[in-house]
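What follows is a short report on a single structure.
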Amino acid sequence: PDAVTNGFNLRLGWLKTDLDELGSELRIAGQVGRETSLVFDLYKYLDRSAKFFILPRVFGETRELTEFIDDEPTSINELEQYGADIALGREFSRHAALTVGLRAFRGDVETLIGEPDPTDGSYGAGEYFLDWTYDRLDDRYLPNNGIFYRLGYFGAADWLGSDDEYDQLQLTGYWAKSVGRHILSGGVSVNATVGGIAPKYAIFSAGGLFNLSGYNLGESAGQNLGVLTFIYQYEILGGFVPGRVGASVEYGGVKDDWEDLFQQGEFHGSVHAGFNTPIGPAYLGFGVGEGGQRRWFMKLGRIFGRTSIIR
């Protein structure tokens, strides 16, 4: 039978841009919906050329982890975590940034529905990270032109208070090109655990629009995830509420070994409509998978770029 995937996230933020003569910024951002979060961060420039900066943050979030067997949810877990990190970075031409930093957080996993997992309970986590981001998209919600890519490395270590040790690489790339009302775009997402075994709070999940659209949100999850996406869209509305309709083809899957990413993957696809509303981007449509998955979906919230406040 057909099923419906709903994903509603509403973000609100406050930004103060005149902290000092260098242009440093203070931001408070919150999100309510399927994932609830709150973050305070300070983007403090260290020189008058506005190239070097320090970025301390404190954050907290609550999100659901749903486990499935044969397309049916078998358990719903709630993950709560809070912590802080600090990064030192350098900007390049206002479109790219390189950061290196340390992060420490604590959390708790609880089974709300279903059989309790023996691995549930409290945990401590600590990571060192290196992140490179390049962003020339003209619109993060409904992009028409440009390119975005991000490469990150995360290493969990006991000397940072982590109960588990693992190493992960994340690569996200997306491009868009418009010709009149026609928009072509594509993306690649590689999430790999290259050392150790990632615990439940650090695994990667597929599902939802453009992320193997035939799956429920989080229906397929594991140590490694790779997805290739190609999208065609046609602009139908402009002005106050820009909108478009389109279709996507996606290929990829979850693998136990990162070396096997994109080998014997799955084809998924969608037909969809997207609108840039006053309260954020909204998407609705129908997703399918080669295994017979069929999914109506509705989503309010960001799809492109970072979706987690921690990473």
Side-chain angles (χ1 to χ4, degrees), residues 11 29 41 43 50-53 55 57 85 87-101 103 127-155 167-179 183-195 198 202-213 223-233 244 246 248-255 258-259 261-263 265 268 270 274 276 281 283 299 301-311:
R11 289 188 178 187
D41 61 37
Y43 202 95
K51 292 182 178 180
F52 294 92
F53 62 89
L55 179 60
R57 300 190 312 161
D85 58 30
L88 180 65
R90 187 189 191 281
E91 290 187 355
F92 298 86
S93 303
R94 308 295 290 185
H95 302 299
L98 177 67
T99 57
V100 58
R103 175 180 300 121
E127 299 175 337
Y128 52 93
F129 59 89
L130 178 69
D131 184 284
W132 166 260
T133 301
Y134 180 85
D135 188 353
R136 292 301 302 270
L137 288 179
D138 59 354
D139 189 308
R140 182 61 61 82
Y141 296 151
L142 294 178
N144 293 295
N145 293 283
I147 186 171
F148 169 91
Y149 64 87
R150 176 175 177 248
L151 177 63
Y153 167 78
F154 307 90
D167 298 279
Q168 294 181 318
L169 288 173
Q170 289 185 276
L171 169 65
T172 302
Y174 181 83
W175 61 268
K177 176 66 176 178
S178 64
V179 179
I183 303 103
L184 296 176
S185 59
V188 58
S189 176
V190 176
N191 305 275
T193 303
V194 296
I203 62 175
F204 305 108
S205 61
L209 182 59
F210 306 147
N211 192 33
L212 304 183
S213 298
Q223 296 290 310
N224 305 279
L225 168 66
V227 180
L228 300 173
T229 306
F230 180 78
I231 307 166
Y232 167 77
Q233 296 174 321
R244 58 187 62 171
S248 68
V249 177
E250 304 137 39
Y251 176 80
V254 171
K255 299 294 181 181
W258 67 270
E259 296 96 337
L261 284 175
F262 302 112
Q263 296 185 24
H268 287 242
S270 74
N276 202 351
Y283 305 86
K299 179 173 177 62
R302 175 184 293 185
I303 288 180
F304 306 109
R306 302 187 186 194
T307 56
S308 168
I309 63 169
I310 293 184
R311 290 190 180 179

For a 4.5 angstrom cut-off between non-hydrogen side-chain atoms, does L225 reach N211? yes
Any side-chain donor-acceptor pair under 3.5 Å between R244 and N144? yes
Determine the interplanar angle of the Y134 and Y149 rings, folded into 0 to 90°, and report it as parallel if under 30°, tilted if 30 to 60°, perpendicular if over 60°. parallel
For the backbone of G265 and the side chain of Y251, can you confirm whether one donor and one acceptor N or O come within less than 3.5 Å of each other? yes
Counting N and O atoms only, with roles assigned by atom type, does the side chain of R136 sit under 3.5 Å from a partner on the main chain of N145, one being a donor and the other an acceptor? no
Do D135 side-chain atoms and L137 backbone N/O form a donor-acceptor pair below 3.5 Å? yes
Reported CG-to-CG distance for the pair L98 and L130, which is rounded to 0.5 angstrom: 5.5 Å
Donor-acceptor pair, side chain of N191 and main chain of F204, under 3.5 angstrom: no
Hey, is the main chain of T99 close enough, under 3.5 Å, to the side chain of D131 for a donor-acceptor pair? no
Donor + acceptor pair across side chains of T172, S189 (<3.5 Å): no
Check: Y174 ring centre within less than 6.0 Å of F148 ring centre: no
S178 side chain to I183 backbone, donor-acceptor under 3.5 Å: no
If you round to the nearest 0.5 Å, how far is CD1 of I203 from CG of N224? 11.0 Å
Working to the nearest 0.5 Å, report the span between CD of E250 and CZ of F210. 7.0 Å
Salt bridge or not for D41 and R57, using N-O below 4.0 Å? no
With sequence neighbours excluded, what pairs up with F262 under the ring pair (Phe, Tyr, Trp, His ring centres under 6.0 Å) test? none
Below 4.0 angstrom, N of the basic side chain to O of the carboxylate: do E91 and K51 qualify? no
What are the two closest non-hydrogen atoms of L209 and S270, and how far apart are they? CD1-OG, 3.6 Å
